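What follows is one structure encoded as structure tokens, with my remarks underneath.
A, B, ... follow the sequence lines: proteins, then strands. Residue 1 opens every chain. Quick caveat, the model's predicted, so the values are computed rather than measured.
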2 protein chains.
Amino acid sequence: MHKNCIDIQIMNQRTTRQLAIKKILTTREIHSQEGLLTILLKEGFDITQATLSRDLKTLKVAKIPDGNAGYRYSVSERIHKDHDKTKEKVNFLIDGFECIKFSGNLAVIKTLPGYASSIASVLDNADPYEIIGTIAGDDTILIIMKENVSQNDLKNRLILIMPKLRDKLKY
Amino acid sequence: MHKNCIDIQIMNQRTTRQLAIKKILTTREIHSQEGLLTILLKEGFDITQATLSRDLKTLKVAKIPDGNAGYRYSVSERIHKDHDKTKEKVNFLIDGFECIKFSGNLAVIKTLPGYASSIASVLDNADPYEIIGTIAGDDTILIIMKENVSQNDLKNRLILIMPKLRDKLKY
DNA sequence: ATCTTAAATGTATATTTTTGCATAAAAATT
DNA sequence: AATTTTTATGCAAAAATATACATTTAAGAT
């Protein structure tokens with residue numbers, strides 16, 4: 001552990017940073033990794049462009065030719081309209097989240113009755129690397145994880161998809 | 001005009017080529033401009049990477065981190081237009097559709113648990129002429145139909161909104 | 001056809017992005 | 001706490017991509 005890192009953190013640095021990146025990307029127009037890096041540095045994330053490149057890869061951020069001239073980086077979710085509505089909906093759904101348990105490469109999420117399929121649908125839609133597939137009943141979601149993906153990997157990914165979840169997942 | 005250019009062309013070279021690029025991108029997995037360039041050269045398009053870069057910009061082709069490792073180029077229509085993803089989502093939701101019954105100007109759709117509000121939201125969003133409003137519980141949707149709209153009118157409208165539904169509705 | 005003008009392209013180069021590798025940090029284990 | 005294992009990161013170098021500028025090609029105009 002780094003000496004001057006007072007570990008009150010809930011999430012690891014990486015996840016925190018990637019959430020910040022997502023936010024920046026949905027908030028402002030980003031035309032290069034350099035530009036994004038500058039912003040991140042100002043916000044106190046002390047990283048290099050290399051790390052940023054890896055983060056963008058993890059987040060599946062696309063580089064798209066801009067209408068005018070130049071390019072812009074875009075989180076795939078942002079491409080859908082009604083981003084806000086989706087967000088609202090997702091936040092709402094999180095209320096139904098009860099707990100998550102693991103067994104080998106399987107994870108089981110317990111939800112309030114009726115929530116399972118909706119939450120699962122959010123997961124399916126996000127189509128994250130770590131998840132091969134989900135099966136949802138009424139109050140239970142079975143997640144089949146990709147091999148060599150750790151429990152924390154999955155938790156972090158879930159937080160990336162549903163930020164509010166952070167408050168419900170203990171580390 | 002260059003001397004050895006036999007002018008049978010209908011479109012100009014540039015357009016022809018860009019169409020070819022689009023086709024290639026939708027047909028095969030492209031991971032770099034170099035790779036795409038190789039294919040184009042084989043097909044007889046005698047250009048350089050610089051031109052290709054410009055073409056991709058014109059076509060608004062996005063570079064997206066691939067699920068596994070690496071990147072792929074994707075024609076922006078696929079990403080930009082939430083059409084496709086919305087469609088996917090709608091198709092997914094249809095799995096939750098169980099049956100529909102009528103009574104007067106009311107229709108009741110039964111769904112798998114948890115699906116009702118999502119499907120109802122699709123209907124609300126489409127805002128069809130035939131429907132005044134919907135109320136959704138967990139596995140039931142109540143549809144209030146406009147007067148003088150027949151059961152078949154509504155069924156047809158539902159199919160228009162959610163094409164996959166056709167397979168589930170008997171006539 | 002010849003000339004003029006605008007668009008497209010190649011060359012070389014600059015810029016940006018990605019990655020292998022060594023190291024540091026974090027997490028798990030004892 | 002000390003050790004091992006795993007994961008994240010910086011650095012430097014490679015790879016990929018974009019572009020300024022000169023040149024060629026196409027398209028009109030006369």
Side-chain angles (χ1 to χ4, degrees), chain A residues 1-21 30-38 40-41 44-66 68-74 102 129-130 146-157 160 169-171, chain B residues 1-18 21 30-38 40-41 45-66 68-74:
Chain A
M1 170 98 57
H2 198 284
K3 43 216 113 197
N4 51 1
C5 175
I6 305 159
D7 185 18
I8 0 169
Q9 78 195 32
I10 312 293
M11 292 177 290
N12 63 47
Q13 288 296 322
R14 192 162 168 265
T15 308
T16 311
R17 188 180 62 237
Q18 292 184 350
L19 279 178
I21 291 172
I30 301 298
H31 300 287
S32 73
Q33 296 187 9
E34 277 311 313
L36 179 50
L37 183 62
T38 307
L40 285 169
L41 291 176
F45 295 96
D46 190 11
I47 57 162
T48 62
Q49 177 270 327
T51 297
L52 179 51
S53 173
R54 293 177 184 118
D55 282 347
L56 293 178
K57 188 172 184 177
T58 305
L59 294 171
K60 286 191 190 168
V61 172
K63 186 191 188 186
I64 307 176
D66 209 334
N68 332 328
Y71 300 77
R72 75 171 211 287
Y73 282 80
S74 167
F102 295 89
Y129 168 81
E130 292 82 357
K146 185 162 282 181
E147 285 182 347
N148 301 320
V149 166
S150 75
Q151 302 187 2
N152 269 341
D153 285 341
L154 186 66
K155 283 185 183 176
N156 286 330
R157 173 62 69 184
L160 282 175
L169 292 179
K170 299 186 190 74
Y171 279 83
Chain B
M1 169 102 58
H2 198 280
K3 39 216 108 175
N4 50 3
C5 176
I6 305 158
D7 185 18
I8 359 169
Q9 79 195 32
I10 311 295
M11 292 176 290
N12 63 47
Q13 289 295 321
R14 191 161 167 269
T15 309
T16 311
R17 189 182 59 239
Q18 293 185 351
I21 290 173
I30 301 298
H31 301 286
S32 72
Q33 295 188 9
E34 280 307 318
L36 178 50
L37 183 61
T38 306
L40 285 169
L41 291 176
F45 295 96
D46 193 10
I47 57 164
T48 63
Q49 177 268 325
T51 298
L52 180 51
S53 174
R54 293 176 185 118
D55 281 347
L56 292 179
K57 189 172 185 176
T58 305
L59 293 171
K60 290 190 186 167
V61 172
K63 186 191 189 186
I64 308 175
D66 208 333
N68 331 328
Y71 299 77
R72 74 171 210 286
Y73 281 83
S74 167

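No side-chain heavy atom of B:V61 sits less than 4.5 Å from a side-chain heavy atom of B:I30.
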| said: I'd like to know whether B:Y73 forms a side-chain contact (heavy atoms from CB on, under 4.5 Å) with B:L56, so could you lay out the CA-CA distance, the side-chain angles of the two residues, the decisive distance to 0.1 Å, and finally the verdict. | reply: CA-CA 9 Å; B:Y73 281 83; B:L56 292 179; 3.9 Å; yes

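Panel note: side chain A:H31, backbone A:Y71; a donor-acceptor pair is recorded below 3.5 Å. A donor-acceptor pair is defined here as one N or O able to donate and one able to accept, closer than 3.5 Å; such a pair exists between the side chain of B:T58 and the backbone of B:R54.
Atom CD of B:Q49 sits about 5.0 Å away from atom CD of B:Q33, to the nearest 0.5 Å.
When rounded to the nearest whole Å, the span between CZ of B:R72 and P of C:dT17 equals 19 Å. Taking atom CD of residue A:Q18 and atom P of nucleotide D:dT7, one finds them 15 Å apart after rounding to whole Å. Between the C1' atom of C:dG10 and the CG atom of B:L40 lies a distance of 16 Å, rounded to the nearest Å.
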| field | Under 4.0 Å protein heavy-atom contact, by nucleotide of nucleotides 9-22 of chain D - B base, S sugar-phosphate only | value | SBB-----BBBB--

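Contact annotation: A:N152 reaches the phosphate of C:dA28 (side-chain N/O to OP1 or OP2, under 4.0 Å).
Between A:D153 and A:S150, the side chains place a donor N or O and an acceptor N or O closer than 3.5 Å (distance only, hydrogens not considered).
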